[in-house]
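First comes the structure, then the notes that go with it.
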There are 2 protein chains.
Amino acid sequence: MDEKIRSGCPVSLGLDIFGDRWTLLIIRDLMFSGKRHYREMLGSEEHISTNILADRLKMLLDEGIVVKTEDPSHKQKAIYSLTEKGIDLLPILMQISSWSYKYRPVDEAYVDNAAPYEQGGDWDDLMTELRKVHLRPGDAPTVSNGPSNT
Amino acid sequence: MDEKIRSGCPVSLGLDIFGDRWTLLIIRDLMFSGKRHYREMLGSEEHISTNILADRLKMLLDEGIVVKTEDPSHKQKAIYSLTEKGIDLLPILMQISSWSYKYRPVDEAYVDNAAPYEQGGDWDDLMTELRKVHLRPGDAPTVSNGPSNT
DNA sequence: AGCAAGTGCTTGTATTTTGCAACTGGTTGC
DNA sequence: GCAACCAGTTGCAAAATACAAGCACTTGCT
């Protein structure tokens, strides 16, 4: 089930998916904070509501940006991972960060991390790293989420 | 008059401003479609509502991302221009486009334009061009809207 | 064996934002 | 002097969001 498409413009088509206050923060958690579980993302400092998080994760699964697997250590635990499509969102997050470092009051706690994310940075290394962590080959999703199930 | 800040994270700080369905489309209109007037933006194919457009333009003026000047040709006409801060959003739009070209059903009408926007493209030339068109030196905003920040 | 804490959510409700359509006060061209 | 155009504003319904509980389990501890 595709979300509503407003036009064939590439900017618009991107925003149709992640043009909201929360979606890219979930991606950020997966990419940079090493958060892989629902409760961890709930605990991020922006305090996303549990129903919104559930809704967005469902959408990201539907879109093939994220996959869900079982955690062997706990039958109720789910591990969320980025797909290649999700990892490819990194340059967008990087450019947003870059702009914010220039124009917004970024917290000092983040400034240390700023260097590697600077313009012309080595995103490729970072993406390679993300692929290693998220894209374990042969690791098909074990928690099926039939597109558009209830 | 700062909008609500959820955290000091650079991604979050960016989304606090343009993390919605419409704001970046307005920037796109100013950047790529040569639209400089209210009515022109209203006419874009995504059909933004007039109250939303008015609201977002007000916010963008407050944030110093856009400035408003009088159109000498018509006393009621206003010209909207990007500031440097606004022009610096170009890399974000480019990365969004790039991702959409790869993963979304971009309309054929846009595919011709795709080439110059490809990865590693020469955004600098485009930004130089935008500065020429939007940043006319000594052209201070003639319609004051009391920006409350830098 | 029993219980508290933890798991990914769902449900219900109040508040906020959005979408839609009509309308406003003024300007301009003919 | 009048229709078309200008940048918006206003009012209302619908949708999205935030907040707080609750649910059906599983796990670790005793």
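Numbered from 1 within each chain, the chains take letters A, B, ... in sequence-line order. Scope of the values below: all heavy atoms of this structure, side chains included, with no hydrogens, waters or symmetry mates. Since we're looking at a predicted model, the values are computed, not measured.
- Summarising the geometry, the separation between CD on A:E46 and C1' on D:dA18 is reported as 15 Å, rounded to the nearest angstrom.
- Between A:K4 atom NZ and D:dA16 atom P the separation is 8 Å, expressed in whole Å.
- Closest to the side chain of A:W22, out of D:dA7, C:dG19, D:dA18, is D:dA18.
- Within the 4.0 angstrom heavy-atom criterion, only backbone atoms of the sugar-phosphate kind lie near A:H37; the bases stay farther away.
- Whole-Å rounding puts the B:D55 CG to D:dA7 P distance at 17 Å.
- Residue pairs meeting the ring-ring contact (aromatic ring centres under 6.0 Å, His included) criterion with at least one partner in residues 42-73 of chain B, sequence neighbours excluded, are absent.
- Salt bridge A:R28/A:E46: present, at least one basic N to carboxylate O contact under 4.0 Å.
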Base versus backbone protein contacts along nucleotides 11-17 of chain C [heavy-atom cut-off under 4.0 Å; B, S, -]:
BB-----
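- A search for ring-ring contact (aromatic ring centres under 6.0 Å, His included) contacts involving A:W99 returns A:Y103, B:F18, not counting sequence neighbours.
- Nucleotide D:dC19 holds its P atom 12 Å from the CD1 atom of A:I48, rounded to whole Å.
- Of the residues in residues 72-79 of chain A, A:H74, A:K75, A:Q76 come within less than 4.0 Å of DNA chain D through at least one heavy atom, sorted by number.
- Residues satisfying the side chain to side chain contact (heavy atoms under 4.5 Å, CB included) test with A:H74, not counting sequence neighbours, are A:Q76, A:K77.
- In summary, A:R6 and A:D16 engage in a salt bridge, as defined by a charged side-chain N under 4.0 Å from a carboxylate O.
- For D:dT9, one of the phosphate oxygens OP1 or OP2 lies less than 4.0 angstrom from a side-chain nitrogen or oxygen of B:K58.
- A:L93 places none of its side-chain heavy atoms less than 4.5 Å from the side chain of B:Q95.
- The CG atom of A:L61 sits 13 Å away from the C1' atom of C:dG8 (whole-angstrom rounding).
- Rounded to whole angstrom, the span from the NE2 atom of A:H47 across to the C1' atom of D:dT17 amounts to 16 Å.
- Residues that satisfy the ring-ring contact (aromatic ring centres under 6.0 Å, His included) test with A:Y38, not counting sequence neighbours, are absent from this structure.
- B:L30 pairs in a side chain to side chain contact (heavy atoms under 4.5 Å, CB included) with only one of the listed residues (B:K35, B:E40, B:R36), which is B:R36.
- We find that NZ of B:K68 is positioned 15 Å from P of D:dC6, with the value rounded to whole Å.
- In this entry the distance linking CG of A:D20 with P of D:dT17 reads 6 Å, nearest Å.
- With hydrogens and angles left out, the side-chain atoms of A:T23 and A:D20 include a donor and acceptor closer than 3.5 Å.
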